[in-house]
Amino acid sequence: MLTRIDHIGIACFDLDKTVEFYRATYGFEVFHSEVNEEQGVREAMLKINDTSDGGSSYLQLLEPTREDSAVGKWLAKNGEGVHHIAFGTADVDGDAEAIRSKDIRVLYDEPRIGSMGSRITFLHPKDTHGVLTELVTSAKPSADHSSAEH
Ligand code: V0V
Ligand code: CO
């Protein structure tokens with residue numbers, strides 16, 4: 001079951017400048033940052049709020065590490081802006097399979113490693129009314145705890 005907005009992914013050309021914009025304008029601080037070589041991104045997670053399922057919601061600021069990455073290609077075509085949304089779930093495997101059975105393309109056979117050790121997969125934007133949609137199960141045992149019991 002999808003139980004929260006885990007994050008909104010925002011593509012940017014310069015991560016440091018964009019982080020500074022979100023800090024100076026809204027007061028959001030960096031909760032976590034990392035490089036994900038497989039995905040070709042350098043990212044910063046700005047925590048916005050905790051959620052009723054024991055997880056949290058973030059903004060995920062994304063700078064490409066290479067031009068031929070998903071975010072690099074998207075930026076070259078569209079410029080900066082909202083790149084994807086991510087729903088949180090206690091069971092990314094089960095939810096991805098349930099969605100795949102509805103003839104919606106799930107991009108990975110098995111979830112891959114995402115931010116903060118989470119497990120992630122994506123739905124093809126051409127099958128979701130134009131929105132690149134990610135499913136996330138966070139690594140932290142306490143997050144997703146309450147939804148796992150239901
Ligand atoms: C592409 N399209 C999009 C889109 N990206 N539509 C909406 N939102 C997006 N973000 C459209 C594009 O305009 C084309 O439509 C069509 O899809 C094919 O796009 P393309 O430019 O030819 O690119 P592809 O097909 O090579 O790649 C598109 C996909 C790729 C979605 C397959 O971006 C992908 O594999 N994404 C999943 C991985 C990802 O995004 N990683 C970065 C975030 P027209 O022009 O034909 O109509 S990593 C992350 O979120 C992490 C680590 C985390 O959360 O922890
Ligand atoms: Co993401």
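Note that these values count all heavy atoms, side chains included, but never hydrogens, waters or copies made by symmetry. Counting convention: from 1, in listed order, for ligands and their atoms alike.
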Report summary line: Exactly one candidate in Asp91, Thr89, Asp93 meets side chain to side chain donor-acceptor pair (under 3.5 Å) with Arg119; the answer is Asp93

Report summary line: Using heavy atoms and a strict 4.0 Å limit, residues surrounding ligand 1 turn out to be His7, Asn36, Gln39, Glu43, Gln60, Ala70, Val71, Lys73, Trp74, Lys77, His83, His84, Leu107, Tyr108, Gly114, Ser115, Ile120, Phe122, Pro125, Lys126, Gly130, Leu132, Glu134

**Report entry** Gln60 vs His84, side-chain hydrogen bond (donor to acceptor under 3.5 Å, both in side chains): CA-CA, chis, key distance, verdict
**Finding:** CA-CA 9 Å; Gln60 181 177 58; His84 65 273; 3.1 Å; yes

Query raised in the report: Does Asn36 reach the side chain of Ser115, with side-chain heavy atoms less than 4.5 Å apart?
Result: no

Query raised in the report: Are any of the side-chain heavy atoms of Leu59 and Ile10 separated by less than 4.5 Å?
Result: yes

Report task. Flag the pair Leu123 / Leu107 as yes when at least one side-chain heavy-atom distance between them is below 4.5 Å, and no otherwise. Result -> no

Report summary line: In terms of heavy-atom contacts, Thr18 and Cys12 come closest through OG1-CB, 3.3 Å

Report summary line: What one should report as the nearest heavy-atom pair of Ser118 and Ser138 is CB-CA, 3.9 Å

Query - Salt bridge Arg42-Asp16, side-chain N to carboxylate O under 4.0 Å - result: yes

Report summary line: On a heavy-atom basis, the closest approach of Gly114 and Glu34 is O-OE2, 4.0 Å

Requested in this report: Sum up the protein N, O or S atoms located under 2.8 Å from the Co ion (ligand 2).
Outcome: 4

